[in-house]
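Report on one structure; see the data block that follows.
Just so it is clear, the structure is predicted and the values come from calculations on it, not from any experiment.
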Amino acid sequence: MSDTVTVSLPSPRGPKPVTVSYARVGTGEPLLLLHGIGHHRQAWDPVIPILAAERDVIAVDLPGFGASPALPEGMTHDLPTVVPLLGALCEALEIERPHVAGNSLGGLLALELGREKLVRSVTALSPAGFWSPVERRYAFGLLIAMRQAARRMPVPVIERLSRSAAGRTVLTSSIYARPGRRSPDAVVAETLALAHAEGFDETLRAGTNVRFTDDIPTLPVTVAWGTRDRLLIRRQGVRAKQIIPRARLVRLPGCGHVPMNDDPALVARVILDGSR
C-alpha cells in the first residue's frame, strides 16, 4: 500500500506544495530507499521483505516518477531542489536522520543527503556522478534509447514480451544481469513507468554537468557496484572510493545496474551492514 505526503518548498514564485508518494513497512531504525531515473519505488520490492525485518523502510517515488507527480511549474528536477525535498519529506514523516540507500540517481541523491548531514549512513548502489564525460554520454544515450523504446511499444506487445524470459531480456537486460528473474508483472509495470515518467527529460538534462566530488568523512558510507553493470561501468566505483576514501567499496558479483532483483539477499545484506 502506498501513501502520499505534501510538503511546501520555496520557489522563485514563492512557496509551492509538492506531493510525494511512498510506501512504508517494517520496524527498527528508519531506512529511506531511493530509486534511479525512469524507475519507481517498486524497484526495491525484492529486498524490502528482508530489510523490513530489521528496519522501518520508506520507499519513495521521486518527483516525476512512479506515482509522484512532477514538480510544480517554476521548480527544477535537480539536486538543489530534490535534496531539500527529501529532507522536508523526512521531517513531515517525523523521521530524524534516517539511514538512506539509493540506486543510480537515487545513489547520487543518497550521497548528497550524506554530504548535507541529513542522514546517519549512506549506501549507494551504482551511484550516478562518478562518470567521465564519455561514460556519461554513453549512459545518457542508453537511457534515452530505453525511454524511446518504452514509449513506442504498444502495451499488448510489452505484456506479450514479459511472459517469457527471452522477452524480459529484450525489455530489461540494460539494467538487470539476470532479467529472467524479474516477474512479468514487474517488467510490465517498470516499462510503463519509464514510458510515462514526467520527470525523465528534465532530470536527465539537469544531470549533464553533475559530478560528485566531495568527501563525506563523518558518516558511514558504502558504495556497491555490480560486476555486470552495463549502464554505469564498475570502474566508476574505484573513482568513488578515491573521492570518499573511508567508504566501504563492495563488489556485487553477477549483478547489473539495478542489483536488487539480481541478488536480493546479497543487496539486502550490504544495506543492512552499511546501516548499523
Under the criterion side chain to side chain contact (heavy atoms under 4.5 Å, CB included), I'd like the reasoning laid out for Arg230 against Ser173: C-alpha separation, chi angles, the key distance, then a yes or no.
CA-CA 9 Å; Arg230 295 177 56 195; Ser173 63; 3.6 Å; yes
Dump the intermediate steps for side chain to side chain contact (heavy atoms under 4.5 Å, CB included) on Val83 and Glu116, then the final yes or no.
CA-CA 9 Å; Val83 171; Glu116 295 292 330; 4.3 Å; yes
So Thr227 and Arg234, side chain to side chain donor-acceptor pair (under 3.5 Å) or not? Walk me through it.
CA-CA 6 Å; Thr227 60; Arg234 61 178 178 170; 4.8 Å; no
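In terms of heavy-atom proximity, Asp214 sits nearest to Ile244 at O-CG1, 4.0 Å. Looking at every heavy atom in both residues, Leu232 comes nearest to Ser126 through CD1-O, 3.5 Å. Closest approach of Leu9 to Ala88, counting heavy atoms only: CD2-CB, 4.4 Å.
Rounding to the nearest 0.5 angstrom, the gap separating the CG atom in Leu249 from the CD atom in Gln242 is 10.0 Å. Here Arg136 contributes atom CZ and Gln236 contributes atom CD; the two are 11.5 Å apart, rounded to the nearest 0.5 Å. To the nearest 0.5 Å, atom CZ of residue Arg181 and atom CG of residue Asp262 are 7.0 Å apart. To the nearest 0.5 angstrom, Leu85 atom CG is 9.5 Å from Cys90 atom SG. The distance from atom CG of Asp78 to atom CG of Asn209, rounded to the nearest 0.5 Å, is 12.0 Å. Between the CZ atom of Arg115 and the CG atom of Leu118 there is a distance of 10.0 Å, given to the nearest 0.5 Å.
Every residue two or more places apart in sequence or in another chain that forms a ring-ring contact (aromatic ring centres under 6.0 Å, His included) with His35 is listed here: Phe65. In this view, Phe200 satisfies the ring-ring contact (aromatic ring centres under 6.0 Å, His included) rule with no residue, not counting sequence neighbours.
A heavy-atom distance below 4.5 Å is found between the side chains of Leu62 and Leu105. A heavy-atom distance below 4.5 Å is found between the side chains of Phe212 and Glu112. At least one side-chain heavy atom of Val270 sits under 4.5 Å from a side-chain heavy atom of Arg248. Proximity of Trp44 to Val57: side-chain heavy atoms (C-beta onward) are nowhere separated by under 4.5 Å. Counting heavy atoms from C-beta on, the side chains of Val18 and Leu71 come closer than 4.5 Å. Between Ser8 and Pro15, the closest side-chain pair of non-hydrogen atoms falls below 4.5 Å. Counting heavy atoms from C-beta outward, Arg24 and Ile95 have side chains that approach closer than 4.5 Å.
Under a hydrophobic clustering in which Ile, Leu, Val, Met, Phe, Trp and Tyr are joined whenever their side-chain heavy atoms come within less than 4.5 Å, directly or via other members, Tyr176 and Leu171 fall into different clusters. Under a hydrophobic-cluster definition in which Ile, Leu, Val, Met, Phe, Trp and Tyr are linked whenever side-chain heavy atoms come within less than 4.5 Å, directly or via other members, Ile37 and Leu79 are assigned to the same cluster. In the hydrophobic clustering of this structure, Ile175 does not group with Val187; members are Ile, Leu, Val, Met, Phe, Trp, Tyr whose side-chain heavy atoms approach within less than 4.5 Å, directly or through other members.
With respect to Arg41 and Asp61, a salt bridge is recorded, a charged nitrogen being found less than 4.0 Å from a carboxylate O. Contact check on Arg120 versus Glu29 returns a salt bridge, with a Lys/Arg side-chain nitrogen under 4.0 Å from an Asp/Glu carboxylate oxygen. Using a 4.0 Å cut-off between charged nitrogen and carboxylate oxygen, Asp201 and Arg205 do not count as a salt-bridge pair.
For the pair Lys16 (side chain) and Glu73 (backbone), a donor-acceptor distance under 3.5 Å is present. Here the side chain of Thr169 pairs no donor or acceptor atom with the backbone of Pro179 at under 3.5 angstrom. In this structure a side-chain-to-backbone donor-acceptor pair under 3.5 Å is present from Arg147 to Leu194. A donor-acceptor distance shorter than 3.5 angstrom exists from the side chain of Glu135 to the backbone of Ser132, with no hydrogens or angles considered. Although no hydrogens or angles enter the test, the distance criterion places no donor-acceptor pair under 3.5 Å between the side chain of Asn261 and the main chain of Ser183. Remark: the backbone N or O of Leu266 is paired with a side-chain donor or acceptor of Asp263 at under 3.5 angstrom. Remark: side-chain polar atoms of Ser11 are not paired, donor with acceptor, to backbone N or O of Met75 under 3.5 angstrom. No donor-acceptor pair closer than 3.5 Å links the side chain of His257 to the backbone N or O of Asp229. Checking side-chain atoms of Ser104 against main-chain N and O of Pro127 turns up no donor-acceptor pair under 3.5 Å. Between the side chain of Arg168 and the main chain of Ser162, a donor-acceptor pair closer than 3.5 Å is present.
Note on ring orientation: taking the six-membered ring where Trp is involved, the planes of Phe140 and Trp131 are perpendicular (angle over 60°, cut-offs 30° and 60°).
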